[in-house]
Structures are given as C-alpha cells and as structure tokens.
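Chain naming here is simple, since letters A, B, ... match the order of the sequence lines and numbering starts at 1 in each.
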Protein chains: 2
Amino acid sequence: MTHPIPRTRIQEKNRARVLEAALEVFSRAGFRGATLDAIAGEAGLSKPNLLYYFASKEDIHVTLLEGLVDRWLDPLREMRAEGDPQAELLAYVRRKLQMSRDFPRESRLFAQEIVQGAPRIGAGLSTDLKALVDEKAGVIQAWMDAGKIAPSDPHHLIFSIWSLTQHYADFDVQVRAVLGEGRDPIDEAEGFLETLFTRLLTP
Amino acid sequence: MTHPIPRTRIQEKNRARVLEAALEVFSRAGFRGATLDAIAGEAGLSKPNLLYYFASKEDIHVTLLEGLVDRWLDPLREMRAEGDPQAELLAYVRRKLQMSRDFPRESRLFAQEIVQGAPRIGAGLSTDLKALVDEKAGVIQAWMDAGKIAPSDPHHLIFSIWSLTQHYADFDVQVRAVLGEGRDPIDEAEGFLETLFTRLLTP
DNA sequence: AATTCTTTTGACCAAACGGTCAAGAGCACG
DNA sequence: CGTGCTCTTGACCGTTTGGTCAAAAGAATT
C-alpha cells in the first residue's frame, strides 16, 4: 500500500472516494472487468491521481475486501450464547437481511470473489472464518443439546442463513425480474424468513 | 454466430470442445477475466482456429448461457401439479441439489452473470423466467389453499430453494473452508435441506 | 490427379489497459 | 516572500487482448 495510514484530511477523503467508486465498479464488473479509468472516472479523479492514493488496482481490491470481511461477520459475532436461542438466531437472520438491503454492492463484491474461488482472499477463509463459525456452531449445538431449539446441523444452519439472506443482494436482478415491479423483495423476505426459521427451529 | 447449425462432425466436436473449455475458464475468471488465449489453450486449439468456430468471445458466452438457462429450469418444469405436494417440492430440492453437485461450473457461470446485473442475458429473465415461476407459484399456492402444505409466500419459497441449493455450488470454496477437509458438503446438505423443507412445508 | 471445400495456423494489428514520470499547481509555514 | 511539502496531471510506455488475414494443409469429390 502507498499510504498505510492516511495523514491528511485530503488523503482520508480521497481514499474514501476511491474506495466508494471502486466498490461500485468492482461489484458491477468484477475485478478483471473493472478498469482504473472507470474507477478514476467514478471517483472524479485522474488515473495518475488515483494511483497516488493506491499502489495498484489489486491494492484497491484488497483494501476493499479486508474492510469487508470484518463487517460481513459482525452480525454473527453479536450472537450471544446467553440470550434466548431462537430469538438470537432470528435476530441474526434479521441483521444479515438488513445488510443485504444496506450493503448490496459489498455483498456482490464478496460473492464474486468467492464464486471465483477466492483467489485474492483465500488464506483468511480457512483460519479466521472457520474459527468463528466453529465457535458459533458450538453454541448452537449446545442450544440443541439443551432442547432449546430443534436439532439440525449447526454449520449448515449457518450456511442456510448466509445463503437465504445474501441471495436478495446477490441475485437482486433475478428476484426483481421474477417478482415484477412495485414490490419490495427484502421487505417480503423478512416475513418469509421469519416463518421459515421459526418453523425450522421450534422444538 | 459463425455457424448457426454445425454441419460436419468435426464442427460439432470442436464447437463442443470450445464450449467445455469456455465453461471452465469463464466460471473461474468471469467474462472479462477470461481470455481467448486461455479458452483456446484449454480447448487445445489455436486462437484463430477457435474464432473459426465462434464469431467472438461474446458469441461463446451467449451460446453457453443460452444452453444453460434451459437446463437450469428443467427441474422446476418437472414439478407436477398432480403429484403429492410435499413430495414434489422435496424432489425439486433434491434435483436442484444434484445439479449443484453435477454442474457446479454452470451454476457459477450463471451466478456471475446475475450478480453483475445480467448485462448479457437480461431480457429473457423478465419474460420466460417470470412466466414459468409465476405458473409454478400458482400451483404451490393452490396446494397451500387446499391445506396440503403449510402456507408461505410461493415465490419466496422458490427463491429459497434456489438459494439454498445453488449455494453449495457457488460458494463451494467457502463451504469447504468452513467445514474443513474430509467432508462431503452436498451429501450433508441433502439431509439438512430435507429436514428444513419438511419442517417448513408440513401443515 | 485435379479440383473444390473445409480446417488450421503464423504473423499481424489496433485498441485497451495497468502503470510510470517529470513537471507543475496548491498550500502551509517560517 | 520563499521554501518545502502535498497533491494533480498530461504525456508516455510496454503488455495484453480481441480480432483479422492470407496462405497453407487436409478432406472430399469428381
């Protein structure tokens, strides 16, 4: 990275502008489909100016993804073992769905990276991610063992929450094409998913 | 297209080789990340030779996607209104999951196209796809009205089947990273999804 | 064997792309 | 005002990439 820690307010502001523009372009076109010119144009900067703030296209992409994974996992971290199991899980579903509504581009950027085999993020998945999921799967398993929620595979339960919520961000165009105009997919999904998980989890 | 209808057996064979190679490359790198050289190399042809069979990179991509959408929707078409509702839906889930196992590259190619906003397939979604889904949603709604399965939104029910099954193809690396080695994700998913949909659908 | 049609390829091209550089503009501060 | 620092940019460069072309190599047909 060119500037590990932004010094001035101008740097902070312009780095943020670049990342915002890059998110837009990367999520729409993929890593390879995004061009520095397109990102610079979207950010309202010249290309050399953009490269003054970031060392390379890959640098931008990595910076974007690093910031992403943390925010992506936050809702799972917030799930408390001490809370009411069913309420905790349903709250997790709602938080994840809210993220699909508020940060669809982030979700799509992440999805593309994974679909392509995580070539630029790979390592962290098998360590950090696995550790957190294993821990929370343990919590869920304990809830099941205690008879608080119906038994099923905790890992796949977590996958199902990811898949069902992220679907509304990642496959947005398809969902909208099928539902037709004048509908709010995520609003409808909230009710549907509450039904689904209530039925799945209730002992 | 250069050759709307392949005439000779050589053409048929080589077009098939190109499409197989292109599927591999496109699904791993995305449309823009795939190069004609990479596809040609994978197919064991020279680049000009490849362009003898297809007019352009886009031609290959479109041909691939056209053939895909049909196969992708086949399992849904097979769902019969006359059958036992719960059995029909569970069979649909199993067929879709089987497709994630047998055709993961196809799933990932399709996923990338949708995630990027379906820029090269767009039109068909709002017409053909919507028509089929609306029809089947009607069937499901009738089943619910008759009290054969528990009520929920039929469109979102179909979305949930797509999302939960395709997840195992599209996010394969993530699933494997979390589960660790020596496990068969789709094999495990079969049991989990049967539990999930049985609980969701049983009145 | 000659002819014709299909298939294959090496050489080539223009455009697009990621990235560099040197020089200038803006700005803070003694 | 001058000095030094941050920021910005036009011009440029080497490489990659999608695509062309003319000519050669194979098949098929007579």
* **Euclidean distance, atom CG of residue Leu45(B) to atom P of dT8(C) [Å, nearest integer]** => 7 Å
* Under 4.0 Å between a side-chain N or O of Tyr52(B) and OP1 or OP2 of dT8(C)? -> no
* Asked: The side chain of Pro48(B) lies closest to which of these nucleotides: dT9(D), dG18(C), dT20(D)?
  -> dT20(D)
* Just checking Ala38(A): base, sugar-phosphate only, or nothing, at a heavy-atom cut-off of under 4.0 Å? -> nothing
* In whole Å, what is the span from the CZ atom of Phe54(B) to the P atom of dT7(C)? -> 13 Å
* Take Asp70(B) and Arg77(B) through the salt bridge (charged side-chain N to carboxylate O under 4.0 Å, His left out) test and state the conclusion after the steps. => CA-CA 10 Å; Asp70(B) 266 348; Arg77(B) 288 203 194 85; 3.5 Å; yes
* Evaluate salt bridge (charged side-chain N to carboxylate O under 4.0 Å, His left out) for Glu113(A) paired with Arg120(A), printing each intermediate quantity in order. => CA-CA 7 Å; Glu113(A) 173 70 9; Arg120(A) 287 168 286 269; 3.5 Å; yes
* Between dA16(C) (P) and Arg32(A) (CZ): distance, integer Å -> 15 Å
* **Given DNA chain D, 5'-ward residue of the pair Asp37(B) and Leu50(A), judged by closest heavy atom** => Leu50(A)
* To do: Could you pick out which residue, Ala34(B) or Gly44(A), lies toward the 5' side of DNA chain D when each is mapped onto its nearest nucleotide?
  => Gly44(A)
* Asked: Nearest-Å distance, CD (Glu12(A)) to P (dC7(D))?
  -> 12 Å
* What is the distance, rounded to the nearest whole Å, between atom CG of Leu51(A) and atom P of dT9(D)? -> 13 Å
* Aromatic rings Phe31(A) and His61(A): how do their planes relate, parallel, tilted or perpendicular, breaks at 30° and 60°? -> perpendicular
* To do: To the nearest Å, give me how far apart CD (Gln11(B)) and P (dA28(D)) are.
  => 13 Å
* Under 4.0 angstrom between Tyr53(A) side-chain N/O and dC7(D) OP1 or OP2 -> no
* To do: Check whether any side-chain N or O of Asn14(B) sits under 4.0 Å from OP1 or OP2 of dT8(C), and answer yes or no.
  => yes
* To do: In whole angstrom, give the distance that lies between atom NZ of Lys57(B) and atom P of dA16(C).
  => 14 Å
* Asked: Does a salt bridge link Arg105(A) with Glu20(A), judged by any charged N lying under 4.0 Å from a carboxylate O?
  -> yes
* Contact class for Ala40(B) vs. all strands (heavy atom < 4.0 Å): base, sugar-phosphate, or nothing? -> nothing
* Can a cation-pi geometry be assigned to Arg101(B) and Tyr168(B), taking NZ or CZ under 6.0 Å from the six-membered ring centre and within 45° of the ring axis? -> no
* Asked: Between Gln86(A) and Lys148(A), is any side-chain donor less than 3.5 angstrom from a side-chain acceptor?
  -> no
* Should Asn49(B) be listed as having a side-chain N or O under 4.0 Å from OP1 or OP2 of dT7(C)? -> no
* Gln112(B) side chain to Ser27(B) backbone, donor-acceptor under 3.5 Å -> yes
* Which letter, B, S or -, goes with each nucleotide of nucleotides 23-28 of chain C from 5' to 3', with contact meaning a protein heavy atom under 4.0 Å? -> ------
* Asked: Starting at NZ of Lys47(A) and ending at P of dG18(C), how long is that distance when rounded to a whole Å?
  -> 7 Å
